[in-house]
Amino acid sequence: MTDEQELGKVRENLTTWLEAFNEKDIDKLFSLYDEESVYANAGAALMTGKENIKGWYLEAFKMVEGTLLYKEETAFQEGGLALLVGKYFFQPPQGSESSADAHLTGRVALVYRKAADGRWLLLFDMDNMPPDVTPSDFV
C-alpha cells in the first residue's frame, strides 16, 4: 500500500471519529482509539489510557453543543505512525448565540498508530487555541 493510501486510511479514521463525536456515540468513537492513547486537551490535565479518556468524554458530551468541524493543514505518514494537523471549529447549533470568547476554535495534532490488523488507531491527541484559527476559516 502506498503512503497516500495509508494516509487515506488515517483520514477515514478521523472522518468516522468526527461522525461519532457529533453523534455522541461513545462506543463508535472509542473503537477508533489505541489502548495506549494519550489526550492533551488545552483545558484539562494530561490523560493516558483509552478508558480514562473515555470517561472524560462521557462527562464532556453532557456539555457539548453544535457540530465539530475539521480542516486538515498537513499530514505525514512513516511506517506504522501517521500525523494529521488541522484546525477545528465547534459550529454552534442553529439559532444559538455563542460568545466570541467561547473558545470554539483551535488547532489539533493527531498521531495514529497502525495496529497489527491493519487499522489505524488514534494514539495521541493534542489541541490548543491559537489566535490564527477563527470561525471564518470554515466558511
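Not measured: the values here are computed from a predicted model.
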Between CG on residue D27 and CG on residue L32, distance to nearest 0.5 Å: 11.0 Å

Does V85 reach the side chain of E72, with side-chain heavy atoms less than 4.5 Å apart? no

Please tabulate, one pair per line, all N/O donor-acceptor pairs under 3.5 Å involving side-chain atoms of residues 121-135, not counting sequence neighbours.
from : atom 1 : to   : atom 2 : distance (Å)
D127 : OD1    : A42  : N      : 3.1
D132 : OD1    : R107 : NH1    : 3.2
D132 : OD2    : R107 : NH2    : 3.2
T134 : OG1    : S136 : OG     : 2.8

With S31 via side chain to side chain contact (heavy atoms under 4.5 Å, CB included) - residues at least two apart: none

My understanding is that only one of K114, R11, R113 makes a salt bridge (Lys or Arg N to Asp or Glu O under 4.0 Å) with E6; could you say which? K114

Closest non-hydrogen atom pair between N13 and W120, with its separation: ND2-O, 2.7 Å

Quick one: side chain to side chain donor-acceptor pair (under 3.5 Å) pairs with a partner in residues 14-23, sequence neighbours left out? W17-Y33

Non-hydrogen side-chain atoms of K71 and F138 separated by less than 4.5 Å: yes

Taking C-beta and beyond as the side chain, do V64 and F90 meet within less than 4.5 Å on heavy atoms? yes

Salt bridge (Lys or Arg N to Asp or Glu O under 4.0 Å) partners for D137, two or more places apart: K87

Are L81 and L7 grouped together when hydrophobic residues (ILVMFWY) are joined by side-chain heavy atoms under 4.5 angstrom apart? no

Show the atom names and distances, to 0.1 Å, of all donor-acceptor pairs under 3.5 Å that link a side chain in residues 46-58 to residues at least two apart or in another chain.
from : atom 1 : to  : atom 2 : distance (Å)
K50  : NZ     : F30 : O      : 2.9
K50  : NZ     : E35 : OE2    : 3.4
N52  : ND2    : T48 : O      : 2.7

May I ask you to check whether F61 and F21 place their ring centers less than 6.0 Å from one another? yes

Contact between L104 and F89 at the side-chain level, heavy atoms closer than 4.5 Å - yes or no? yes

Side chains of T67 and L69, heavy atoms from C-beta outward: is any pair under 4.5 Å? yes

So CG of L110 and OH of Y70: to nearest 0.5 Å the spacing works out to 6.0 Å

So which heavy atom on M63 is nearest to which on E59, and how close? CE-O, 3.8 Å

Rounded distance (nearest 0.5 Å) linking atom CZ of F76 with atom CG of D3: 12.0 Å

Can you name the residues that form a side chain to side chain contact (heavy atoms under 4.5 Å, CB included) with Q5, not counting sequence neighbours? M1, T2

Hphob cluster co-occupancy, L84 + V38, side-chain heavy atoms under 4.5 angstrom: no

